[in-house]
Amino acid sequence: MAHHPTEGSLVRAPDFSQLSDMASESVGGKILFATDDFFAPAENLIKSDPPAFKEHEYTEFGKWMDGWETRRKRIPGHDWCIIKLGIQGIIRGFDVDISYFLGNYAPRISIQAANLEEDKLPEIPERGVRTGTAAEPEEFEAINELKSNDWNYLVPMVELKARKPGSSHNYFLVNSQQRWTHIRLNIFPDGGIARLRVYGTGQKDWIATDPKEPLDLVALAYGGVCVGFSNAYLGHPNNMIGVGGAKSMADGWETARRLDRPPILENDENGILLVPGCEWAIFRLAHPGVITHIEVDTKYFKGNSPDNCKIDGCILTTQEEEDMIKEKWILPDHKWKPLLPVTKLSPNQSHLFNSLTMELQDVITHARLTIAPDGGVSRLRLKGFPSSICLLRPREKPAMRFSVKPGFKANL
């Protein structure tokens, strides 16, 4: 039988700032099944944008709602849906958002989870356009092979609380250390939910990786995370390490314009802008390792890319990281190892570089991207080898070099 843990109780708004929405459509989350989608399809649950409300808009089935809303149930049972997580790993908490559903929200929910092997999943029919429909018998037959009734409960049945019309969040903490790939959202008995956010960190099976192939050690999907930044006025640094390529300028890190810019700008002899200030973001790698290749992508940032950037790495313990967060990342310069020197950047372009790493034993746990004077970066990829693999590889001392490497591909 499924286990009912003690966690999952309703809490005040927690700090999920260092966590990813593992179910979001923006990272590859997908609705596999829903019992009913009559008023609004379950796909709305995992939209990356906040829910909206259109007061006078109706469809042929009823009021237009930006969420998942089932019909008023007149048969035994309750409604539920299955979500495949785009980022698979450890779940730390949920946000069940019922904004704008104050007269028709689901009064109770529970959430279950499972860790399923991809190659053992049954073939599940594609959902297509779902508004105004309910699940067909063949869909139930396919989804029943997952035995989701027996999945572990991360949130036992609990009542939802309605608050402000446009801001009605219900937060639940999770203490499980297990890796999860799928969740089942149960609503009792029917109703609507605007958004479901599944907050957590990615987790990768590093033992199964190919020791000959470099991996993106800072990738959000593998467990990389931003642990500090100077400015995120127009976009969080975690966007840079997201899944796949950026979809727009909103899908990157962008800072405000620095107010200490000189009235008249000048370059040095190397074409680097002479400015006093900079902005920075610090990341904890998904796994300690050696960085051998770097990508800094300014796609979509055509009039607001940084003039230049540099990247450094260091080794920190968990306690040292906690201390640095409290001290706003005032870390002695000698702690940082240069991975990329100050380098000119171009707008709307992917920049591919070799790292300055001298040997495969130069392991780091954290990396710092510094941009000057300000601006936006869509993607940061730090490819290399996990430390456990580095120890198995022959010791190498390549000649110190810095160059663009056209053949290097940095796709996640």
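Model, not experiment: these values are computed from the prediction.
Taking the six-membered ring for Trp and the full ring otherwise, Y171 and F94 have centroids separated by 6.0 Å or more. Aromatic ring centroids of W329 and F229 lie 6.0 Å or more apart.
Counting heavy atoms from C-beta on, the side chains of I91 and M22 come closer than 4.5 Å. Between C309 and L340, some side-chain heavy-atom pair lies under the 4.5 Å cut-off. Side-chain contact check for L220 versus V243: every heavy-atom pair is 4.5 Å or farther apart. A 4.5 Å side-chain heavy-atom check between I272 and K344 finds at least one atom pair inside the cut-off. The shortest distance between side-chain heavy atoms of V96 and L160 falls below 4.5 Å. A 4.5 Å side-chain heavy-atom check between P288 and I364 finds every atom pair outside the cut-off. Counting heavy atoms from C-beta outward, S110 and P156 have side chains that stay 4.5 Å or more apart. At least one side-chain heavy atom of K204 sits less than 4.5 Å from a side-chain heavy atom of L215.
Within the cation-pi definition used here (under 6.0 Å to the ring centroid, within 45° of the axis), K63 qualifies as a partner of F53.
For the residue pair N104 and R72, no side-chain donor N or O sits within less than 3.5 Å of a side-chain acceptor on the partner. No hydrogens or angles considered: a donor-acceptor pair under 3.5 Å links the side chains of E254 and N304. Side chains of S230 and E279: a donor-acceptor N/O pair is present below 3.5 angstrom, by distance only. Under 3.5 Å, the side chains of H351 and E295 contain no donor-acceptor pair of N or O atoms. Side-chain atoms of D362 and T357 include no donor-acceptor pair closer than 3.5 Å. For the residue pair N152/Q112, the side-chain donor-acceptor check at 3.5 Å is not satisfied. Checked by atom type, the side-chain pair T70/D79 shows a donor-acceptor distance below 3.5 Å.
With respect to the salt-bridge test (charged N to carboxylate O, under 4.0 angstrom), the residues R258 and D374 do not qualify. Ion pairing of E321 with K326 is absent here, as no side-chain N (NZ or NE/NH1/NH2) approaches a carboxylate O to less than 4.0 Å. Ion pairing between D216 and R381 holds under the 4.0 Å rule for side-chain N and carboxylate O. Ion pairing between a basic and an acidic side chain is recognised when a charged N comes within 4.0 Å of a carboxylate O; K84 and E118 show such pairing. Under a 4.0 Å N-O distance rule, the pair E43/R130 does not qualify as a salt bridge. Taking the charged nitrogens against the carboxylate oxygens, R127 and D37 do have a contact shorter than 4.0 Å, which makes a salt bridge.
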- Message: Pair T317, Q319 - check side-chain contact (heavy atoms from CB on, under 4.5 Å), show working.
- Response: CA-CA 5 Å; T317 64; Q319 185 59 54; 4.1 Å; yes
- Task: Dump the intermediate steps for side-chain contact (heavy atoms from CB on, under 4.5 Å) on D312 and L369, then the final yes or no.
- Result: CA-CA 7 Å; D312 303 286; L369 169 65; over 6 Å; no
- Task: Determine, step by step, whether F33 and W80 satisfy the ring pair (Phe, Tyr, Trp, His ring centres under 6.0 Å) criterion, reporting the C-alpha distance in whole Å, the side-chain angles of both residues, the deciding distance to 0.1 Å, and the verdict.
- Result: CA-CA 8 Å; F33 172 86; W80 50 278; 4.8 Å; yes
- Task: Please assess V158 against I109 for the test side-chain contact (heavy atoms from CB on, under 4.5 Å), listing each intermediate value before the final yes or no.
- Result: CA-CA 6 Å; V158 63; I109 60 101; 4.1 Å; yes
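Within 6.0 Å of NZ in K302 there are 12 or fewer heavy atoms belonging to other residues, nucleotides or ligands. The neighbour count for K247 NZ, taken as heavy atoms of other residues, nucleotides or ligands under 6.0 Å away, is above 12.
The nearest pair of heavy atoms linking Y100 to M65 is O-CE, 3.0 Å. Nearest heavy atoms, A40 versus G67: CB-O, 2.9 Å.
Looking only at distances, no side-chain donor or acceptor of K310 sits under 3.5 Å from a matching main-chain atom of T343. Distance alone, capped at 3.5 Å, places no donor-acceptor pair between the S346 side chain and the Q349 backbone. Although no hydrogens or angles enter the test, the distance criterion places a donor-acceptor pair under 3.5 Å between the side chain of T255 and the main chain of G375.
Checking each of D95, D66, D49, D97 against R195 for a salt bridge (Lys or Arg N to Asp or Glu O under 4.0 Å) leaves exactly one that passes, namely D66. Results of the side-chain hydrogen bond (donor to acceptor under 3.5 Å, both in side chains) test with R379 over D251, N239, D297 single out D251 as the only residue that passes.
Distance check, rounded to the nearest 0.5 Å: CD1 of I87 to OH of Y199 gives 12.0 Å.
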